[in-house]
Number of protein chains: 4
Amino acid sequence: MARKIGVIGMGNVGATAAHYIVANGFADELVLIDKRSEKVNADALDFEDAMANLKSHTKIIVNDYAALKDADVIISAIGKIELQDNQDDDRFAELPFTRAAAKEVGAKIKAAGFNGIMVVITNPVDVITSIYQEVIGLPKKHVLGTGTLLDSARMKRAVARELKIDPQSVYGYNLGEHGNSQFTAWSTVRVLGHPITEIAAKTGLDLAKLDQEAREGGFKVFHGKKYTNYGIATAAVRLALAVLTDSRAELAVSNYRKEWETYLSYPAIVGRDGIVEQLDFDLTDEEIKKLARSADYIKTKFAESR
Amino acid sequence: MARKIGVIGMGNVGATAAHYIVANGFADELVLIDKRSEKVNADALDFEDAMANLKSHTKIIVNDYAALKDADVIISAIGKIELQDNQDDDRFAELPFTRAAAKEVGAKIKAAGFNGIMVVITNPVDVITSIYQEVIGLPKKHVLGTGTLLDSARMKRAVARELKIDPQSVYGYNLGEHGNSQFTAWSTVRVLGHPITEIAAKTGLDLAKLDQEAREGGFKVFHGKKYTNYGIATAAVRLALAVLTDSRAELAVSNYRKEWETYLSYPAIVGRDGIVEQLDFDLTDEEIKKLARSADYIKTKFAESR
Amino acid sequence: MARKIGVIGMGNVGATAAHYIVANGFADELVLIDKRSEKVNADALDFEDAMANLKSHTKIIVNDYAALKDADVIISAIGKIELQDNQDDDRFAELPFTRAAAKEVGAKIKAAGFNGIMVVITNPVDVITSIYQEVIGLPKKHVLGTGTLLDSARMKRAVARELKIDPQSVYGYNLGEHGNSQFTAWSTVRVLGHPITEIAAKTGLDLAKLDQEAREGGFKVFHGKKYTNYGIATAAVRLALAVLTDSRAELAVSNYRKEWETYLSYPAIVGRDGIVEQLDFDLTDEEIKKLARSADYIKTKFAESR
Amino acid sequence: MARKIGVIGMGNVGATAAHYIVANGFADELVLIDKRSEKVNADALDFEDAMANLKSHTKIIVNDYAALKDADVIISAIGKIELQDNQDDDRFAELPFTRAAAKEVGAKIKAAGFNGIMVVITNPVDVITSIYQEVIGLPKKHVLGTGTLLDSARMKRAVARELKIDPQSVYGYNLGEHGNSQFTAWSTVRVLGHPITEIAAKTGLDLAKLDQEAREGGFKVFHGKKYTNYGIATAAVRLALAVLTDSRAELAVSNYRKEWETYLSYPAIVGRDGIVEQLDFDLTDEEIKKLARSADYIKTKFAESR
């Protein structure tokens, strides 16, 4: 019946995700939404200008919420990244803007009768994912956030560079808030056939430094160009594809965990039905404490933001 | 021996071209160059943050001209698009900046011993392509500009939308300067099995309007978002791929035409050896006049800019 | 709602088409059907053995007609190519087998409630396409054959090799029966910016030889390996993608033409609604005669085969 | 400098690998070699017949050993699969044929001055990889066999189906001979965030059955269609891409292990320089015994075959 994806927000992240989808023919129909009518129409035209030199074809629909009714996936990429500038690198700086935007957009998505899977990039992502779920009223497993999928990729990049291997050959996760309380759960990370903690013990690999590099990776990119887009857009589209193809991939995403009473990032199996299975790792006591702290932080912020 | 591409300039266009290359695994090594060290390093890191969630792997090298020595293709995406703002939509507004930049960059490319194919996006593209050829001293057929490859795509998009067909099923070209003196050579355009002029005669299709839409398409995008990137980056990468794979594709590119004594856009066969064959269409007298005017304009501007 | 494609017949052609779809992630669900249960299950397992080393994920369903109900496209690749051996290179050698098979399969497809687009490869393709349309009872525009899409590709390959250009830069068509009465409509062929007849007149390019090469290309491949698969599977999947993405591409396909009262290959615009527009070229008188002869041949054979 | 791949042997496996490469534009030049001149020319023509309907372009060169001189990777897909029929499912049934063929082909590759990476599919793969290394005289790390990369994929498929997850989300390896003495090293297999042995202990997952399924998977496919091609061709091309892009991926491949004095499959890091790092897992005592037995078997067979 054709693949249909919606992207809300044509900022740096949303436009990059849309371009990645168009350039690879990942969707048959792509619905682009942004209040800045001139911007979203310019991007749509720019995508269409690419099409004669592309190999695939994508139908592009602009600012039509009704067209989202039968979308398979909607990616929320709303943001106001400039709010983060001079804010001590805190993704909550965007909350006042994005909270209001998510409520407004969520209501329109609900009104459109959307019944697919919601993939949320908008920061602070764990809180905003919760808000979308409440406002749209979809089952919790049908609303998920990119969360630490990106932070895990950053950790893999840092580890891979240090060990001179393919980032795709690093297994493991960053957990918790996609924000400052997140952490690399080193007990989950394996590389070169061993727990990375073993390798670190033998070789003196500095895990604390790598942890910092993963957590601060986003801000390093941010300070260099005042936004980040390629890593996060790639993560979001990977999530969307896992849903579209029902691949049932194991991915770190922000999903609602009952025992923590909140959305937070923890690996899950992702498929057509959203979160189709939640996993449980054998974390260390220290990691469990960190996760608890991260969960508390998100819950508090969510409570404040309602 | 691996595919190696260089991209000079990490503005909106260069970064989009680099992302398109990384996301599709089009190159094995990608050399990114920009004076704004923070920006280019931020983009490189952002691309590497994408890699764990991508399907291919690309080695990224930053700000190392020496690494361009054995590149297959270098894409020049230098620009200062803000110079175009409030300048009556004239790509020559960028010339003072880009002329100096091309001379400086060209000298460094020459010093690196680069011996591949140069693909120039930098505006005003016909003049800047000439400058690069002079400065680097490559054979004329090894330096080419994206020229009206993009404008032709815009014309195809406009025609396709009007006739409700795939832009890839529109054949034909915009010729001359990638600038205000360009024009759609309607005598070359065929669609639905007929010259478009025949179809226009029968159906009242307004070619003048479509011509304007193609020429002004870029400025419509520009006014909507203050830059254009997706269409042009796609065109540049298509050119690069025609070179890398030696596909010998027929494409409208800015190439040096002896009879006009200048670089200007006219269809040619593009392959590993750059411009491997120049074509000659049966243009109408009016089109020839327009092309002559366009050639004169470029020559004058080039003479002024030396 | 996910892309769903069915492939009937896991011979050389069907299996290659299925592999091409799986290897590129073109479909989310792929239904494979073959009476030889061991063969189709072996292929399905083989595709699944590829998946851990692929970049995409495809759900594979075997021998379940009911699963075709909501397929977007069904590709019929049934055949018994060995019947063609020692038969003077005539695709009608397969008819006794494929006619019966198409009737049986068509009835099952109808029973499944299929309501998408049928893409027929099975030879003799023009006759078998007609049979499918009758048996399944779909609108004529929803049943189409690969027809001379492949022969046109062969003509392009022959022309491209002779002129040392990209086959994708050759425009034009073979028309009529996908069989011995087909012909290259040279009046439609354009290359290097000119009608190929002009180029032939100037350069002595031997069109008759190229025509023969296109028509006999299939048999050259056939005699070399006793079947042909890569060219035809690629053509069929291209058609399927034009439908899935509603690209509205101009393609030579076997479609029902009222004026000839039969299915035969003639360029049309292909999209989600199947044949969305039929084209009319200005053929030469000789070409019209050839087309009439080809149409008569198909009609006679179809009448005999009912 | 363009990607150049050679494929020796246009049987079911070699032709499928070549098609996968052509259909995805993975190489710029593809050299196809087979003694059966009619077959390899038929396949080459068939690939070229696909090109007008493809999105990429590949130059195809037939039966020219000299063209392999500057190839990046050569894939040996020589085989005589019919020798395996009625031979109690033993890949050594092919040895008398493939040993002679590898010696002959290896000498010609050496004579061509090839200096890239050799990827061997030809069975019995561990022995034939050794022969190629000896005959061509390349460094041991530049000659590698697909080995249990395919068996590992089969194990992942079996595990994934049982647990209803993406095969790409199963981590772990089959080790040893790509033959009957191989085994799944369950101590290396992790899934859903846990060692699979833990999951099996809790859920009663039958690992012995899954092990058998992986080992016998090939024969199941083989008995269903008298050859296997899609899984193995995908594995070989994945290896070739790891080399071309220097991705440094962790893959189970047949590589020379000093401590076992033979080629056998054990995970390694694969990049432009072939085997760039050899790994060491903490296998169980039983696994080490199995590996020793497998190594002995290969060594004996290799000694006999010299």
Side-chain angles (χ1 to χ4, degrees), chain A residues 23-25 53-57 156-157 159-173 175 185 187-195 198-199 202 238-239 241-243 245-252 266-273 275-283 287, chain D residues 23-25 51 53-57 156 159-173 175 185 187-195 198-199 202 238-239 241-243 245-252 266-273 275-283 287:
Chain A
N24 288 274
N53 288 317
L54 274 177
K55 306 303 188 169
S56 49
H57 186 90
K156 291 177 184 188
R157 184 251 305 144
V159 169
R161 182 182 283 192
E162 200 67 33
L163 298 176
K164 296 200 173 62
I165 58 169
D166 190 338
Q168 293 171 31
S169 292
V170 179
Y171 174 88
Y173 298 103
L175 302 184
S187 73
T188 68
V189 181
R190 300 181 68 86
V191 72
L192 299 168
H194 295 272
E198 263 184 33
I199 289 175
K202 270 191 216 161
R238 185 175 180 190
L239 259 183
L241 286 173
V243 171
T245 67
D246 195 24
S247 76
R248 307 179 71 98
E250 180 184 318
L251 297 167
Y266 202 102
I269 302 299
V270 179
R272 189 82 54 80
D273 199 32
I275 301 294
V276 296
E277 188 174 347
Q278 292 190 314
L279 306 187
D280 282 295
F281 286 70
D282 295 322
L283 300 180
E287 287 167 349
Chain D
N24 288 276
M51 256 171 234
N53 288 317
L54 275 177
K55 307 305 186 167
S56 49
H57 185 90
K156 292 176 185 188
V159 170
R161 182 182 282 191
E162 200 66 32
L163 298 177
K164 296 200 172 65
I165 57 168
D166 190 338
Q168 294 172 29
S169 292
V170 180
Y171 174 88
Y173 298 103
L175 303 182
S187 73
T188 68
V189 181
R190 299 181 68 88
V191 72
L192 298 169
H194 295 272
E198 263 184 32
I199 289 175
K202 269 192 217 160
R238 185 176 180 190
L239 260 183
L241 288 171
V243 172
T245 67
D246 195 24
S247 76
R248 307 178 72 98
E250 179 184 319
L251 296 167
Y266 202 103
I269 302 298
V270 179
R272 189 79 55 80
D273 199 31
I275 301 295
V276 296
E277 188 174 349
Q278 292 190 313
L279 306 187
D280 282 295
F281 286 71
D282 296 322
L283 300 180
E287 288 168 347

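Quick caveat: nothing in here was measured; it's all calculated off a predicted structure. Throughout, a chain's letter reflects where its sequence line sits, starting with A, and its residues are numbered from 1.
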Donor-acceptor contact below 3.5 Å, side chain D:H194 vs main chain A:D282:
no
Check each atom of D:E250 against the heavy atoms of chain A and say whether the ones under 4.5 Å are side chain, backbone, both or neither.
both
Among D:P267, D:S247, D:G172, which residue forms the greatest number of heavy-atom pairs with chain A at distances under 4.5 Å?
D:S247
Given D:V191, D:L192, D:I269, the one with more heavy-atom pairs under 4.5 angstrom with chain A than any other is D:L192
For A:Y171, is it the side chain, the backbone, both, or neither that has a heavy atom closer than 4.5 Å to a heavy atom of chain D?
side chain
Can you tell me which portion of A:I165 sits under 4.5 Å from chain D's heavy atoms? Options are side chain, backbone, both or neither.
both
Check A:S169 against D:A249 and note the closest heavy-atom contact, atom names and distance.
OG-CA, 3.5 Å
Of the non-hydrogen atoms in A:K55 and D:K55, which two are nearest, and what is the gap between them?
O-NZ, 2.6 Å
Nearest-0.5 Å distance, OG1 of residue D:T245 to CG of residue A:D166:
7.5 Å
